[in-house]
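All remarks here apply to the structure that follows.
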Protein chains: 2
Amino acid sequence: MKDITLKQIADTLGISITTVSKALKNYPDVSPKTKNAVLELAKSLQYTPNSFAVNLRTKESKTIGLIIPEVVHHFFSNVINGIIEEAEKSGYLVIILQSNESLELEKKQVELLINKRVDGIIMSLSNESNDDEHIKEIIKREIPFVLFDKISKFINCSKVIIDDQKAAYNAVEHLISKGCKKIAHIRGPVNPQNAIDRFLGYKKALEKHNIPFDYKLVYTCKNVTFEEGKEFAKQIVKNHPDIDGIFVITDLVAVGVLAFFNEQNILVPNQIKIIGFSNWFMSQVITPKLSTVDQPSYEMGVQSFNLLLEEINQKKISLDFIPKTIELETSIIERESTSER
Amino acid sequence: MKDITLKQIADTLGISITTVSKALKNYPDVSPKTKNAVLELAKSLQYTPNSFAVNLRTKESKTIGLIIPEVVHHFFSNVINGIIEEAEKSGYLVIILQSNESLELEKKQVELLINKRVDGIIMSLSNESNDDEHIKEIIKREIPFVLFDKISKFINCSKVIIDDQKAAYNAVEHLISKGCKKIAHIRGPVNPQNAIDRFLGYKKALEKHNIPFDYKLVYTCKNVTFEEGKEFAKQIVKNHPDIDGIFVITDLVAVGVLAFFNEQNILVPNQIKIIGFSNWFMSQVITPKLSTVDQPSYEMGVQSFNLLLEEINQKKISLDFIPKTIELETSIIERESTSER
DNA sequence: ATATTTATCGAAAACGTTTTCGAAATAACC
DNA sequence: GGTTATTTCGAAAACGTTTTCGATAAATAT
């Protein structure tokens with residue numbers, strides 16, 4: 001059961017490898033008769049070109065790499081979905097690697113992909129990551145490169161993002177419009193840009209509506225987990241029993257907050273209103289249903305791939321490619337956790 | 001910014017490509033002096049072998065393919081996680097493709113991976129899939145192949161599974177031990193083996209405890225969604241108000257059931273007890289906390305890859321490989337939804 | 001008729017590596 | 001001294017494709 005090669009087709013047909021190759025690729029300089037003969041034989045033999053040889057010859061593998069903090073995550077798994085499906089439309093396959101939010105591991109994964117010689121890399125930075133050496137290496141080697149969601153402002157490359165600051169601003173303003181006077185913020189880790197921006201949006205909304213900012217009302221997640229949500233909720237009611245609204249960095253943590261309030265029979269939205277971020281599927285399933293900011297995760301995947309593809313194709317022609325940034329729209333989804341009463 | 005090749009190292013050192021290659025691969029027939037020179041230069045030039053050329057020459061790509069019904073799924077995303085991490089330990093990368101529960105798409109994905117000449121394929125069958133042509137093609141081509149979770153009994157290949165029938169039996173017996181007398185089953189689609197086995201386990205447990213089996217108490221999911229869970233819960237209370245226990249094919253659907261009961265103020269576990277399957281993270285977060293069957297998803301990924309690796313290595317030596325089946329343990333996780341009252 | 005265009009083909013180089021096998025040089029032996 | 005082992009190296013083939021470019025034959029034009 002050996003693989004069929006051009007040579008075998010050429011030999012059985014008594015023609016050259018060149019002609020066979022040309023026939024299969026529809027070159028104009030092969031007669032209809034021989035072309036048909038080749039096509040027929042190739043089909044009956046189930047010939048498929050040896051991709052290893054094609055890769056070597058064409059210097060591309062029709063494979064891209066994707067590095068994300070974690071696969072088991074409602075947001076990222078939806079992005080994966082978008083990337084995989086969009087890539088397949090253009091004949092690209094996707095290799096997925098995780099950084100587990102570790103800079104060290106992220107570096108290793110980048111190295112793996114570079115050595116693998118993927119045609120491009122899509123990435124969302126780990127919490128520890130900024131414009132480090134491994135990223136510079138990607139840029140230096142002129143490997144098509146797109147960042148999404150968790151980006152760094154200092155990296156000059158194509159990006160797919162949302163306006164985290166504006167989205168957060170809107171979320172907090174939503175709380176205010178529902179009558180909240182004292183609003184806490186459970187924010188993401190200190191480093192990632194999106195956590196910073198959401199925090200800034202929170203602060204800005206307070207200022208805008210003349211609510212004094214109090215850094216004691218800001219709680220900072222380390223691992224962004226359900227458990228952290230529960231823990232911070234506990235601290236919030238203990239330290240600031242008069243708080244009537246919380247803006248939470250992401251739905252998973254917000255669900256933790258809700259879980260604690262449910263246990264303690266603290267009424268949401270009556271006593272405290274909660275708004276999350278990212279519109280996780282589960283947030284409309286729990287009680288009370290969680291208000292949130294919709295972040296188009298699947299669409300982010302689609303756009304990220306298309307941006308990468310553009311760069312791949314552009315760089316085949318000329319190396320001077322101007323990075324582009326696509327900003328996707330978000331929207332407030334109002335549910336029970338912020339209803340008026 | 002051209003890639004470094006063996007030839008360049010050879011030329012600058014005034015030696016042959018052969019010797020450079022040997023030095024890098026630690027062949028015994030190269031003197032310590034030249035070896036060091038090569039190693040040093042290679043390092044300073046950041047040489048990495050061109051994987052396209054290596055693939056062509058060695059006929060392997062250190063890449064495997066993974067086909068699953070869907071990425072955005074608590075069970076499968078955990079399996080992905082296990083496979084990716086385990087594969088990386090052995091220097092393998094993973095290409096992920098989805099079948100979206102469609103046989104047609106699954107066939108296409110298999111074809112893509114075969115043409116890509118991956119070193120092996122790990123797969124969980126779509127609901128529509130049995131022992132079809134595309135699977136036979138994998139076997140015929142002697143591509144290392146592992147099925148996990150959603151398998152077919154008629155395919156002779158390595159497998160990683162759980163004993164669905166036994167697990168379901170235990171789940172239903174758990175309900176009975178908690179006092180349930182009339183137990184409904186929301187089952188998976190008709191075709192998949194695991195849905196069949198779980199149904200059989202349900203039936204067996206009833207028989208064993210002298211509870212008459214009534215096919216009217218079996219509800220069959222089409223899409224296995226949250227919404228279906230809600231809908232079936234509605235039907236159940238309407239058609240059989242005296243039911244006091246439900247065994248649900250998977251946690252997501254069971255959460256739907258709980259959501260409906262919450263809305264209707266039907267008390268769980270007091271009026272009806274519920275047990276799910278697969279131990280989704282969310283099931284311990286909702287109210288009431290869902291009892292379930294723990295299915296080791298991450299471990300399934302790890303074992304699947306290791307089985308595949310075994311087959312890959314074995315087939316390098318000799319083509320007659322005897323498929324192996326690994327059966328992983330499950331356990332009942334008792335939470336609020338089946339507590340005594 | 002010859003000159004020129006057009007249609008059809010194939011030789012050969014190239015992509016970068018791995019590995020076999022033989023050659024050369026050196027060391028060891030009697 | 002010559003013979004045999006040992007060490008160290010490199011030529012060359014092979015993996016299977018793509019593409020350039022030149023060659024031949026046929027068709028058209030002059």
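Just so we're on the same page: letters track the sequence lines, and every chain starts at 1.
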- line: Annotated structure of DNA chain C as dot-bracket, pair cut-off 3.5 Å, Watson-Crick or G-U only, | for inter-strand, is .||||||||||||||||||||||||||||.
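Taking OG1 from T19(A) and NZ from K35(A), the interatomic distance works out to 12.5 Å, rounded to the nearest 0.5 Å. Interatomic distance, D149(A) CG to I161(A) CD1, rounded to the nearest 0.5 Å: 9.5 Å.
Minimum atom distance to the side chain of T19(B) is reached by dC9(D), of the listed dT17(D), dC9(D), dT19(C). In this structure, of dT18(C), dA11(C), dT17(D), it is dT17(D) that holds the atom nearest to the side chain of V54(A). Residue L56(A) places its side chain closer to dG16(C) than to any other of dT19(C), dG10(D), dG16(C).
The distance between atom CG of L24(B) and atom P of dT18(C), rounded to the nearest whole Å, is 8 Å. Atoms CD (Q8(B)) and P (dC15(C)) sit 11 Å apart, rounded to a whole Å. Atom-to-atom, CZ of R117(A) to P of dG16(C) comes out at 8 Å; the value is rounded to the nearest Å. Taking atom CZ of R57(B) as the reference point, atom C1' of dA12(D) lies 11 Å away to the nearest angstrom. Atom pair L6(B):CG and dG10(D):C1' shows a separation of 14 Å (rounding to whole Å applied). Taking atom CD1 on I17(A) and atom P on dC15(D), their separation rounds to 11 Å, with Å as the unit. A straight line from CD1 of I9(B) to P of dG10(D) spans 14 Å, rounded to a whole angstrom. Protein atom CZ of F52(A) is 14 Å distant from nucleotide atom P of dT18(C), rounded to whole Å.
The environment of CD in E327(B) is crowded: more than 12 heavy-atom neighbours from other residues, nucleotides or ligands sit within 6.0 Å. Annotation: K136(A), atom NZ; neighbour count of heavy atoms from other residues, nucleotides and ligands within 6.0 Å is above 12. The environment of CD in Q314(A) is crowded: more than 12 heavy-atom neighbours from other residues, nucleotides or ligands sit within 6.0 Å. Counting heavy-atom neighbours within 6.0 Å of K316(B) NZ, excluding the residue itself, gives a total above 12.
Side-chain atoms of T18(A) and base atoms of dA12(C) include a donor and an acceptor less than 3.5 Å apart. Taking only distance into account, the side chain of K22(A) meets the base of dG10(C) through a donor-acceptor pair shorter than 3.5 Å.
Two residues are said to be in side-chain contact when any heavy atoms from C-beta on lie closer than 4.5 Å; N55(A) and E60(A) fail this criterion.
Ion pairing of R141(B) with E137(B) is present here, as a side-chain N (NZ or NE/NH1/NH2) and a carboxylate O approach within less than 4.0 Å.
DNA chain C lies under 4.0 Å from at least one heavy atom of each of the following residues of residues 27-40 of chain B: Y27(B).
Distances shorter than 4.0 Å separate none of the side-chain N or O atoms of K7(B) from OP1 or OP2 on dC15(C).
Using a 4.0 Å heavy-atom criterion, one finds that S21(B) contacts the bases of the nucleic acid, with or without backbone contacts as well.
For the 3.5 Å distance criterion, the side chains of Y47(B) and Q8(B) fail to qualify, holding no donor opposite an acceptor.
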message: The test is side chain to side chain contact (heavy atoms under 4.5 Å, CB included); show your working for F305(A) and F148(A) and say whether it passes.
response: CA-CA 10 Å; F305(A) 176 77; F148(A) 73 90; over 6 Å; no
